[in-house]
Amino acid sequence: MEPMKARRGVPFSSFRAEVVAGGPGPFGLRGLMTAMMSECHLDQQLQLVTADTSEKTDVVLLACGSFNPITNMHLRLFELGKDYMNATGKYRVIKGIISPVGDAYRKKGLIPAHHRVIMAELATKNSHWVEVDTWESLQKEWVETVKVLRHHQEKLATGSCDHPQSSPSLDRPGRKRKWAEQNQNSSPKKPQAFKPTGVPRVKLLCGADLLESFSVPNLWKIEDITQIVANYGLICITRAGSDAQKFIYESDVLWRYQSNIHLVDEWITNDISSTKIRRALRRGQSIRYLVPDLVQEYIEKHDLYSSESEDRNVGVILAPLQRNIAEAKHNSSMA
Amino acid sequence: TTPGSSEPVTRRAGEEHLQPEPVRPRQPAVQVVGRVHQAEVNHDDTAPMTAMMSECHLDQQLQLVTADTSEKTDPTLYPGKYRVIKGIISPVGDAYRKKGLIPAHHRVIMAELATKNSHWVEVDTWESLQKEWVETVKVLRPGRKRKWAEQNQNSSPKKPQAFKPTGVPRVKLLCGADLLESFSVPNLWKIEDITQIVANYGLICITRAGSDAQKFIYESDVLWRYQSNIHLVDEWITNDISSTKIRRALRRGQSIRYLVPDLVQEYIEKHDLYSSESEDRNVGVILAPLQRNIAEAKHNSSMA
C-alpha cells in the first residue's frame, strides 16, 4: 500500500484502522498523529490513542448530479454502496444524501431545480436512510463538487464535536435541514439505534461516468479531484468488467489515493440513465418501473419533459467549463 | 358490439401508453390481450383463421371477417394496428418442479402486490391452481373461466370501459428472448405447441437491441413461417434484473430495493421467502415438461 502522508484536514477516523494496524511503519506515524491531533479536542485525541481497531467508521454517502430526473438506477447506487461499505467490516453507512445540482450548472435539458428536488424527495419518501439536501440547488452560482463535500463534512463535524453521542436529527423534506442540532429524539427517518463513536465521514457516491469525467478537459480542477480522493473518498459503482480500474491505473492522482477509491461491482446491471428517460418521454413511451411511481406521476402531471425542455441551455457553456477556462486564461495572462 | 364501431378513446392518467411492459418470467406466463387486425391474418394459410375462429362464437367470427380495415382510432394515441387492452400475469403451478421454485400462493401474492397500482396489468391464478403442470399453449387457449374470454360490459376498477372492442380480443404471448431461445432446448417444448403458439396466437418478444433473436427465427422453419406473428421489440433501456439474481442477492444479504416493487420487497422480507434451503427445492427432480415430453416420446417409439 502506498504510504499516505498526513495532511491537514484529513479526518483521523478514516485512518484509524490503518494507523493502528500499520504500526510505526512507513507512515511516519508520529508525524501523522501530531497532524491529526491538532484537528481534534483533547478527549477525542485520547479516543484516538486507545481506539479499538474493531470500531467502524460511520460513513455518509453523498451523491451529486443533475437528477434530471432521478431514476431507480440512482436509488440503486445507494443500496449497492451501502451493502459494499458495510460488508467490508470497517464502515457503517448511516445516511445517504442526494444533492441535486443548481440551475446555474447550465446543462442542456436541465429543468428547474425545484422540480428536480421534489422528484428526488418523492423518490426517497419511503426510504429510511436516504434523503435530499437542497443546499447546493439553492446556491445562485454553480458549486464545485469538492465544496459540496466540504459543506456536508463540516456540518457533520460541527454536530459531532458538540455532542459526540448523537447523530444529526433529520427533518422531513421541505424543512430547513438542522444538521447541527443535537437532540436525542428519534426521528421517523432514522431512529437512534447506536451511538456513533467518531465524526461520520462523507464519501462521494457515483457511477463510472463521473470517475471517467475526471479526464474531460476543463471539467474538473486537478486540485479538486485530488482533494476529493485524498480527503473524502469515492465509492464508484461500475458494471462488472468496466474500465474503471484501468482508468485509475492511468491517473497518477487516482493511483496515489486508490485505497480511498472503492470500486463496487454492479452485477445486476441497468442502463436507466436520465437521458434515456427523457428520450422515452419525448417519444410517448412508458417509463413505468424505471423510476419510482410517484416520480412518474409527478412528471406526467406537470409535463416536465419535452423537446422544448430538452433545448434549455442549448448553446450555453457548462458552468464548470466556463469557470475553469476563464481561470486558466486569467492565470496564463498573469504569467 | 357492432362491427366497425368506435368511441373516442380518452387517455386516462396512469394509462400511459398501453404498450406491453417487459415482464420476463422463466415460463411464458405473461399474456397481452391484443386485437388482431383483419390484415394481419395470413391469407395464404387457412389453418390459422380456422384455428382462431374455432375459438370464437359465431357472431365474433362475423366480426373478424368483416372488420373494417380503416377503423377509426386516434392516430396520435394508437398509430398502429393494435390496441393493448389488458396485461395478464399467469404464474406457473408448483407442479412445474423447477429448482428453487417456492409455493405458488406466495408467487401469486407477490405478483398481485406488484400490479396493485396498475390500471391494466393483473394476475390470473388459473394456471397456478392446476394440480398438474399445464403447457403454455393450453394457458393461452381460452376456457370458460378465463378472464379474457369474458365479454362483459361492466367496467371494473381495474379496467373501466372507455371504448367498445369491435372484435374478440386476441391473446398474445409476451416474453423475453430467453423464452424464444428455449424453443430449441431438447424436449422442453412440443413442436406442435410451438407451432400453435406462433400460428394461432402470436409472440411479443422483448429483446435487448442487437440480440440474436432475429437469427434464431431465421434458423427455425416454424418460426420463419409465422414470423409475421412474432413481434420483436427492442429494449433500449436494458436491465439485467433476473429472478435468479434477485434470489442470489437475498441469499447473500444484499439489498434488492428498487429492483422489485417496494411491496414485493417487503413481502419477501417479512416472510423470509428465499434462502439456500428454498433454492434447493426440487433439486434432483426432473422438470415437468421434460418428464412429460420424454415419457411421451418413449411411449410413441415403443408403439412404433
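Throughout, a chain's letter reflects where its sequence line sits, starting with A, and its residues are numbered from 1.
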**Asked** Relative to chain B, which segment of A:L80 carries a heavy atom at a distance below 4.5 Å: side chain, backbone, both, or neither?
**Response** neither
**Request:** Select, from B:K245, B:R248, B:R252, the one with the greatest count of heavy-atom pairs under 4.5 Å involving chain A.
**Result:** B:K245
**Message:** Donor-acceptor pair, distance only, cut-off 3.5 Å: does the side chain of A:D83 make one with the backbone of B:S255?
**Reply:** yes
**Message:** Give me the atom names and distance for the closest heavy-atom approach of B:I241 to A:I268.
**Reply:** CA-CG2, 3.8 Å
**Asked** What closest approach, in Å, do B:N117 and A:R288 show between heavy atoms, and which atom pair accounts for it?
**Response** O-NH2, 3.1 Å
**Prompt:** Which residue out of A:L290, A:L75, A:N270, A:N72 racks up the most heavy-atom pairs below 4.5 Å with chain B?
**Reply:** A:L75
**Asked** After noting the C-alpha distance and the side-chain angles of A:E266 and B:D240, does the key distance pass the side-chain contact (heavy atoms from CB on, under 4.5 Å) rule?
**Response** CA-CA 10 Å; A:E266 180 189 24; B:D240 249 7; over 6 Å; no
